Number of protein chains: 2
Amino acid sequence: MERQGEQAKTSRGEQTRALILETALDLFKENGYEETTMRAIAQRAGVALGNAYYYFRSKEHLIQAFYGRTHQELAGAARSILEREHGLRDRWLGVMYANLDLIEPYHRFAGILFATAADPQSPLNPFSPESEEARRESTAIYAEVIDGAKLRIPRDLKQELPFLLWLYHMGVVLFWIHDSSPGRTRTRHMVDRTVAILSNLIALASKPFMRPLRKAILKLMAELREDVPGEAYS
Amino acid sequence: MERQGEQAKTSRGEQTRALILETALDLFKENGYEETTMRAIAQRAGVALGNAYYYFRSKEHLIQAFYGRTHQELAGAARSILEREHGLRDRWLGVMYANLDLIEPYHRFAGILFATAADPQSPLNPFSPESEEARRESTAIYAEVIDGAKLRIPRDLKQELPFLLWLYHMGVVLFWIHDSSPGRTRTRHMVDRTVAILSNLIALASKPFMRPLRKAILKLMAELREDVPGEAYS
DNA sequence: GTCTATAACCGGATAGAC
DNA sequence: GTCTATCCGGTTATAGAC
């Protein structure tokens with residue numbers, strides 16, 4: 001019944017880890033973040049409290065794991081969308097909607113989720129070194145959104161766009177968190193409108209006669225941008 | 001030596017309250033928010049733990065009080081700036097700088113501060129009903145920034161601008177929190193540039209020929225905007 | 001209404017045994 | 001890798017003094 005072959009490797013541990021994470025997310029969905037105790041998570045998962053802490057250094061790290069899982073799922077969803085769609089606007093909108101669908105079940109505790117993420121000291125912060133991988137993967141999705149689109153975009157802009165779309169993505173999530181409309185229709189409406197406008201704006205900014213203004217804005221951005229994956233966070 | 005006339009009223013209590021708040025902020029500055037215990041605050045203030053909780057229902061409420069104090073101080077600083085300056089850009093920039101000066105000493109623990117504030121459930125959230133007064137006062141400052149400027153702005157835009165400037169203010173604070181440059185020079189640079197650009201944009205948006213676009217954007221905003229001081233937060 | 005003192009509760013986090 | 005015991009600090013409760 002059981003095998004412990006060398007391919008299984010960390011399998012046993014991974015299973016426990018996954019069990020704890022899923023249990024935690026279920027409880028978060030049911031009762032919210034603050035209301036869910038680590039003891040309750042451990043109990044329902046059928047493990048000891050200390051064991052939960054063996055896999056997740058803190059309650060916040062459960063959130064980080066949730067981030068990671070969501071990224072994986074979004075990347076998967078994005079793949080099929082990006083195979084199908086070829087216009088910038090539709091590719092972009094598709095990814096945004098996929099993300100909103102993905103996180104909707106967690107809207108209830110997403111506030112706390114984002115709150116802890118807002119602290120620059122926190123490893124959960126989207127700008128932190130710990131988040132670099134997630135940030136890089138996320139940005140990669142948006143690079144693919146752009147690269148696959150039938151649209152000629154100058155190199156300087158094209159280089160910055162994935163980061164900008166990722167920032168936009170963050171802004172949408174922030175809006176979504178504060179959106180109490182049923183089904184988050186308000187956020188979807190906002191995304192519809194802004195993606196359309198911004199897609200046009202990108203096309204416009206790509207015109208040759210826009211070059212000077214484009215250069216000026218990109219220069220300002222470069223000045224302002226912290227070297228995100230760098231020394232800034234000691 | 002002591003009088004307890006009717007004018008003194010809550011004076012005794014107010015003094016204790018202020019003492020506790022100042023002590024807490026000192027400790028936050030010195031050691032950060034998480035590292036500062038309520039017991040330590042009470043001890044250094046020379047009051048009993050229970051007394052601290054008599055004046056502040058929770059540790060978070062100390063932050064809310066800090067917000068309030070900062071608002072007061074900003075309003076005071078703004079008054080003298082707005083008496084002096086008459087161009088939109090200089091009035092606006094003056095207020096932004098005054099605010100940055102005011103909060104600089106607290107940069108260290110501002111992250112946590114903003115983090116707890118980011119949770120929609122939290123009373124600290126700038127959009128929450130509990131924050132309505134602070135939000136209203138803050139918005140009033142920006143209304144004054146606009147009203148006193150020598151610039152003709154159409155009514156529809158003028159009505160929305162204070163809220164928009166307040167949103168911008170929030171965005172600046174968010175940027176500031178993540179700014180690890182010495183003296184927050186990066187934030188100041190960003191503010192310099194963006195206030196200049198946005199001031200021009202406001203002037204541009206006020207031109208008669210911009211009316212249709214302006215109307216369209218204001219309409220979208222109205223659709224998106226939650227009735228902030230409303231039922232949304234039950 | 002303001003304040004002290006003290007004990008207790010609860011839950012996040014850690015230590016160390018198995 | 002898993003468990004039990006323990007610590008620590010936010011918070012609450014109580015009972016009483018000015």
Side-chain angles (χ1 to χ4, degrees), chain A residues 2 4 8-21 23-24 27-28 30-66 109 112-113 115-116 119 121-124, chain B residues 1-21 23-25 27-28 30-66 109 112-113 115-116 119 121-124:
Chain A
E2 287 201 312
Q4 19 158 306
K9 254 207 310 195
T10 46
S11 165
R12 190 65 134 285
E14 286 305 314
Q15 242 171 288
T16 309
R17 184 191 173 80
L19 171 65
I20 293 169
L21 177 58
T23 308
L27 283 168
F28 290 164
E30 285 173 33
N31 310 318
Y33 181 77
E34 305 276 5
E35 292 68 26
T36 303
T37 69
M38 289 296 282
R39 285 166 175 87
I41 295 168
Q43 188 175 18
R44 191 190 283 189
V47 301
L49 175 61
N51 200 10
Y53 277 99
Y54 176 81
Y55 286 103
F56 300 94
R57 294 172 55 169
S58 75
K59 202 176 168 186
E60 283 195 2
H61 279 77
L62 285 165
I63 295 176
Q64 197 168 37
F66 167 69
F109 81 95
I112 297 276
L113 186 151
T116 54
D119 176 13
Q121 314 293 312
S122 166
L124 287 188
Chain B
M1 291 264 159
E2 285 204 310
R3 65 188 163 91
Q4 17 155 319
E6 45 284 318
Q7 14 267 97
K9 256 207 310 198
T10 45
S11 166
R12 188 69 134 286
E14 287 304 314
Q15 244 171 285
T16 308
R17 184 192 173 80
L19 172 66
I20 293 169
L21 178 58
T23 308
L25 293 180
L27 283 169
F28 290 165
E30 286 172 32
N31 310 318
Y33 180 77
E34 305 276 359
E35 292 68 25
T36 303
T37 69
M38 288 297 281
R39 287 167 175 87
I41 295 168
Q43 188 173 18
R44 192 192 281 190
V47 301
L49 177 61
N51 200 13
Y53 276 99
Y54 178 79
Y55 286 104
F56 300 94
R57 294 171 57 169
S58 76
K59 202 177 170 186
E60 281 197 3
H61 279 77
L62 285 165
I63 294 177
Q64 198 167 35
F66 166 69
F109 79 94
I112 298 275
L113 184 152
T116 55
D119 175 14
Q121 313 294 313
S122 166
L124 285 187

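What you see is a predicted model; the values in this text were computed from it and never measured. Chain naming here is simple, since letters A, B, ... match the order of the sequence lines and numbering starts at 1 in each.
- Atom OH in B/Y53 sits roughly 17 Å away from atom C1' in D/dT14 (whole-Å rounding).
- Nearer to the 5' terminus of DNA chain D, by closest-nucleotide assignment, is the contact made by A/G46 (compared with the other of B/R39 and A/G46).
- Within the cation-pi definition used here (under 6.0 Å to the ring centroid, within 45° of the axis), B/R17 qualifies as a partner of B/F56.
- Residue A/Y54 places none of its side-chain N or O atoms closer than 4.0 Å to OP1 or OP2 of D/dT2.
- Here A/Y55 lies in heavy-atom contact (under 4.0 Å) with sugar-phosphate atoms only.
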Yes or no on side-chain contact (heavy atoms from CB on, under 4.5 Å) for A/Y54 and A/T16, after CA distance, side-chain angles and deciding distance? CA-CA 10 Å; A/Y54 176 81; A/T16 309; over 6 Å; no

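- Across D/dT12, C/dA5, C/dA13, the shortest atom-to-atom separation from the side chain of A/S58 is found for C/dA13.
- Looking at heavy atoms from C-beta onward, B/Q43 lies out of side-chain contact with B/T37 at the 4.5 angstrom threshold.
- For B/L27 and D/dG10, the CG to P distance is 12 Å, given to the nearest whole Å.
- If you measure from atom CD of A/Q43 to atom P of D/dT4, you get 12 Å, rounded to the nearest angstrom.
- Between the CD atom of B/E14 and the P atom of C/dG1 there is a distance of 14 Å, rounded to whole Å.
- In this structure, the nucleotide among D/dG9, C/dA13, C/dG12 sitting nearest to the side chain of A/L49 is C/dA13.
- Both A/T36 and A/G50 sit near DNA chain C, but only A/T36 has its closest nucleotide nearer the 5' end.
- Between A/I41 and A/L62 there is a side-chain heavy-atom pair separated by less than 4.5 Å.
- Scanning for ring-ring contact (aromatic ring centres under 6.0 Å, His included) contacts around B/F109 gives B/F28, B/F66, B/Y106, with sequence neighbours left out.
- The side chain of A/T16 places an N or O atom within less than 4.0 Å of a non-bridging phosphate oxygen (OP1 or OP2) of D/dT2.
- Atom CD1 of A/I20 is separated from atom P of D/dG1 by 11 Å (rounded to the nearest Å).
- Rounded to whole Å, atom P of C/dT2 lies 13 Å from atom CZ of B/F56.
- When rounded to the nearest whole Å, the span between NZ of B/K59 and C1' of D/dT12 equals 17 Å.
- Distances shown here put a side-chain N or O of B/N51 below 4.0 Å from the OP1 or OP2 atom of C/dT4.
- In this structure, B/H61 places its NE2 atom 16 Å from P of D/dG10, rounding to the nearest Å.
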